[in-house]
Amino acid sequence: MASFAFYPVGPMSNLKMTFGAVAIAAALATSPSQALCDLCNASVRLNEDLANCFLERAEAEAERLASSGTAFILIDLSDCDSRGGLPTGAPLAEPEVSLDDRFIADAQSLPCLSAAITESADGIGAGHVFDLAALCG
């Protein structure tokens with residue numbers, strides 16, 4: 001003899017199904033760039049040399065992103081001339097900061113970072129942090 005579970009169908013179960021369908025639809029309505037940009041860097045630490053290099057390449061990187069058909073690209077500034085301080089033999093007062101010569105960006109953050117660099121061009125030090133989540137969000 002088989003036993004069957006009884007699942008009531010009524011106004012409350014229809015309401016639960018409606019809320020579930022709305023939640024699923026909202027999750028699926030997210031654009032691909034929003035869904036995939038969890039991979040994008042929320043902030044980028046650049047010095048003046050890397051910032052200038054990015055500005056020189058920003059338009060080409062935007063074109064590369066547009067033609068790639070993806071929601072994000074890897075920005076590689078590792079071949080830019082980014083000089084640190086010359087060794088003096090004296091102990092360092094502060095440890096050297098790690099710069100982001102490679103980072104992941106999307107179509108929204110590329111022009112936003114360019115604008116932020118341009119606006120703070122005279123204030124970029126040895127390791128300026130651009131908070132893309134706050135600036136571009």
Side-chain angles (χ1 to χ4, degrees):
M1 196 153 145
S3 67
F4 296 97
F6 178 71
Y7 297 104
V9 177
M12 287 305 288
S13 63
N14 287 339
L15 185 62
K16 289 178 186 176
M17 289 170 53
T18 302
F19 282 131
V22 169
I24 291 172
L28 294 176
T30 315
S31 73
S33 64
Q34 290 172 329
L36 293 175
C37 214
D38 287 338
L39 298 174
C40 294
N41 288 62
S43 64
V44 179
R45 183 183 302 268
L46 303 173
N47 63 8
E48 187 175 357
D49 293 334
L50 288 176
N52 288 332
C53 183
F54 174 78
L55 285 177
E56 291 171 5
R57 298 179 180 188
E59 189 174 325
E61 294 292 354
E63 290 173 6
R64 186 170 67 93
L65 173 62
S67 67
S68 72
T70 61
F72 59 90
I73 58 169
L74 173 68
I75 305 295
D76 186 358
L77 304 175
S78 62
D79 60 336
C80 295
D81 183 27
S82 176
R83 294 173 282 133
L86 295 174
T88 61
L92 297 175
E94 292 182 26
E96 189 174 318
V97 294
S98 176
L99 300 173
D100 296 318
D101 59 357
R102 292 186 181 116
F103 56 93
I104 297 175
D106 63 357
Q108 181 182 1
S109 60
L110 288 174
C112 181
L113 178 58
S114 294
I117 291 171
T118 303
E119 289 172 8
S120 61
D122 42 312
I124 298 175
H128 186 89
V129 177
F130 294 95
D131 186 355
L132 300 178
L135 293 169
C136 309

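With hydrogens and angles disregarded, a donor-acceptor distance shorter than 3.5 Å links the side chain of N41 to the backbone of I104. No donor-acceptor distance shorter than 3.5 angstrom exists from the side chain of S109 to the backbone of A105, with no hydrogens or angles considered.
The OG atom of S114 sits 10.0 Å away from atom CD of E61, with the distance rounded to the nearest 0.5 Å. A distance of 11.0 Å separates CZ in F130 from OG in S43, rounded to the nearest 0.5 Å.
Among all heavy-atom pairs drawn from L50 and N47, the shortest one is N-OD1, 2.8 Å. The minimum heavy-atom distance linking C136 with L113 is given by the pair SG-N, 4.5 Å. Nearest approach of L77 to C53, heavy atoms of both residues: CD2-SG, 4.1 Å. Closest approach of L65 to A107, counting heavy atoms only: CD2-N, 3.3 Å. Minimum interatomic distance between L135 and A116 (heavy atoms only, all atoms of both residues): CD1-CB, 3.7 Å. Here the shortest heavy-atom pairing between R102 and L74 reads CB-CD1, 4.2 Å.
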>> Go through it in stages, so that I can follow the logic: the residues are I75 and L110, the test is side-chain contact (heavy atoms from CB on, under 4.5 Å), and I'd like the CA-CA distance, side-chain angles, deciding distance and then a yes or no.
In response: CA-CA 10 Å; I75 305 295; L110 288 174; 3.8 Å; yes
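Looking at heavy atoms from C-beta onward, D106 lies out of side-chain contact with L39 at the 4.5 angstrom threshold. Counting only heavy atoms from C-beta outward, the side chains of D101 and F54 never approach each other to under 4.5 Å. Between C40 and L132, the closest side-chain pair of non-hydrogen atoms is not below 4.5 Å. Using a 4.5 Å cut-off on side-chain heavy atoms (C-beta onward), I124 and L46 make no contact.
With salt bridges taken as basic N to acidic carboxylate O contacts below 4.0 Å, none links D76 and R57. The pair D100-R45 does not count as a salt bridge, with every side-chain nitrogen at least 4.0 angstrom from each carboxylate oxygen.
F103 and L55 fall within a single hydrophobic cluster, where Ile, Leu, Val, Met, Phe, Trp and Tyr are joined by side-chain heavy atoms under 4.5 Å apart, directly or via other members.
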